Amino acid sequence: LKQLGGHKVLSWFNSTINLIGAGQMGGAMLKGWLTMGLRAELVGVMDPNPPANMRLMLAERNIPHTNLHPFPFAMVMAVKPQMARAVMSDVKPAASPDTLIISIMAGTTIKNISDVFGSEQPIIRTIPNTPSGVGRGITAAYANEFVTFDQKNAANALLSALGPVEWVEREELIDVATAVSGSGPAYVFLMAESLAKAGIAAGLPENIAVNLARATVEGAGELLFKSPDILASKLRENVTSPNGTTHAALQVLMGENGLDRLMTEAVARATARSKELAS
Ligand SMILES: NC(=O)c1ccc[n+]([C@@H]2O[C@H](COP(=O)([O-])OP(=O)(O)OC[C@H]3O[C@@H](n4cnc5c(N)ncnc54)[C@H](OP(=O)(O)O)[C@@H]3O)[C@@H](O)[C@H]2O)c1
């Protein structure tokens with residue numbers, strides 16, 4: 001499915017899609033779809049107050065921002081989770097029982113969505129992440145049993161506007177994905193902060209420590225990106241000579257109370273919080 005759906009071009013697409021909420025995430029998706037060749041007339045947008053850059057892009061493409069297609073192939077829900085229920089109830093009349101509902105709303109469950117649209121509605125629940133704003137996100141997705149093969153395939157293509165898509169087989173794994181990739185960018189930013197603080201503590205001037213740490217995180221991320229076939233552990237080994245400086249640091253970071261333990265605990269807490277927010 002990943003291969004089948006990994007289309008980078010959406011010009012083949014000829015069904016209508018409604019986007020509800022054209023903010024940061026919804027806007028990034030729409031921008032991606034249009035860049036990938038989706039015809040503007042197929043997109044209906046509902047957002048009473050889109051951000052200025054989005055308003056401009058919609059105007060340039062002649063897409064009104066308060067106009068939904070009736071009974072579209074898919075409806076993408078991209079409003080804040082707090083307003084999910086009210087907004088879903090508002091837009092429900094535009095959906096048919098076959099309309100695929102794709103939600104990118106954190107903590108909004110299949111049940112929350114089917115409570116509004118109906119118990120047999122095809123629904124896909126996803127969790128993207130913020131690097132999608134620069135075309136480098138990753139999305140985890142779960143499809144309920146009413147989603148057909150063709151719907152899943154089309155959703156994969158639409159979601160690939162934000163980056164690769166990983167499908168999970170059980171909805172509860174969306175909570176774990178939320179803790180890993182949804183919240184994950186913050187952990188990496190923290191790594192840059194923490195490395196800078198350690199450099200300052202060891203004597204570097206603040207601006208130099210901050211620049212060194214930041215560029216290191218950026219560069220290491222780029223190396224990972226440019227080496228898709230090499231495991232992170234292999235890249236780490238490649239820069240670790242026996243008994244060298246990196247080795248000395250990794251003995252701390254990979255020690256009993258090191259990063260694995262902290263990260264496992266952090267992900268477990270975030271997973272639990274995601275479940276709590278969804279209940
Ligand atoms: N940002 C992330 O990293 C991230 C990651 C994973 C998942 N998500 C999920 O993505 C969803 C959207 O997040 P976001 O960061 O893109 O939020 P956002 O920038 O606030 O976008 C939501 C948009 O919906 C608009 N809106 C408000 N009321 C509406 C209505 N009644 N009908 C249609 N649109 C309405 C908002 O307008 P106003 O600004 O005027 O309210 C805003 O333009 C959230 O559910 C979030 O959980 C976000």
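Both ligands and their constituent atoms are indexed starting at 1 by order of listing. Counting begins at 1 with the first residue of the sequence. Computed over heavy atoms, backbone and side chain alike; hydrogens, waters and symmetry mates excluded. Computed from a prediction, not measured in an experiment: that's the story for all the values here.
Within the listing of ligand 1, atoms 33 (C), 34 (N) sit less than 4.0 angstrom from a heavy atom of Met46. Every atom of ligand 1 with a heavy atom of Asn49 under 4.0 Å away is listed here by number and element: 37 (O), 40 (O), 43 (O). Taking every non-hydrogen atom of Val87 and a distance limit under 4.0 Å, the qualifying atoms of ligand 1 come out as 30 (C), 31 (N), 32 (N). If you number the atoms of ligand 1 from 1 as listed, the ones under 4.0 Å from a heavy atom of Pro81 come out as 44 (C), 45 (O), 47 (O).
Of the candidates Pro185, Ala78, Ala106, it is Ala78 that places a heavy atom closest to atom 12 (C) of ligand 1. The heavy atom nearest to atom 3 (O) of ligand 1, out of those in Asp90, Ile127, Thr130, Val91, is found in Thr130. The residue from Val45, Ile104, Asp47 that puts a heavy atom closest to atom 7 (C) of ligand 1 is Ile104.
With respect to the salt-bridge test (charged N to carboxylate O, under 4.0 angstrom), the residues Arg261 and Glu265 do not qualify. We find that Glu222 and Arg136 are joined by a salt bridge, their nearest charged nitrogen and carboxylate oxygen being less than 4.0 Å apart.
For ligand 1, none of its N or O atoms has an N or O atom of Met83 under 3.5 Å away. The N/O atoms of Lys80, backbone and side chain alike, include one that comes under 3.5 Å of an N/O atom in ligand 1.
Among residue pairs with one or both ends in residues 105-130, those qualifying as salt bridge (charged side-chain N to carboxylate O under 4.0 Å, His left out) are Lys111-Asp115, Arg125-Glu171, Arg125-Asp175; sequence neighbours excluded.
Legend: residues meeting side chain to side chain contact (heavy atoms under 4.5 Å, CB included) with Pro70, ordered by chain and number and at least two apart, are absent.
Atom-to-atom distance recorded for Lys152:NZ and Trp167:CH2 is 5.5 Å, nearest 0.5 angstrom.
The only option from Val79, Val87, Ile20 that meets the side chain to side chain contact (heavy atoms under 4.5 Å, CB included) definition with Met46 turns out to be Ile20. Evaluated for a side chain to side chain contact (heavy atoms under 4.5 Å, CB included) with Leu100, the options Thr148, Ile124, Val76, Ile17 yield exactly one hit, Ile124.
If you check which protein heavy atom lies closest to atom 4 (C) of ligand 1, you get Met25 CE, 3.4 Å. The closest protein non-hydrogen atom to atom 6 (C) of ligand 1 is Pro128 O, 3.2 Å. Scanning all protein heavy atoms for the shortest distance to atom 45 (O) of ligand 1 gives Val79 O, 2.6 Å. The nearest protein atom to atom 19 (O) of ligand 1, hydrogens excluded, is given as Gln24 N, 2.9 Å; this is a heavy-atom distance. In terms of protein heavy-atom proximity, atom 21 (O) of ligand 1 is closest to Gly23 CA, 3.2 Å.
Proximity of Ile123 to Val147: side-chain heavy atoms (C-beta onward) are nowhere separated by under 4.5 Å. Annotation: side chain of Arg39 is not in contact with side chain of Leu10 (no heavy-atom distance under 4.5 Å).
Distances from atom 1 (N) of ligand 1 to the protein include at least one heavy-atom value under 4.0 Å.
Side-chain atoms of Ser274 and Thr271 include no donor-acceptor pair closer than 3.5 Å.
Ligand 1 lies within reach of Pro48, whose nearest heavy atom is under 4.0 Å from it.
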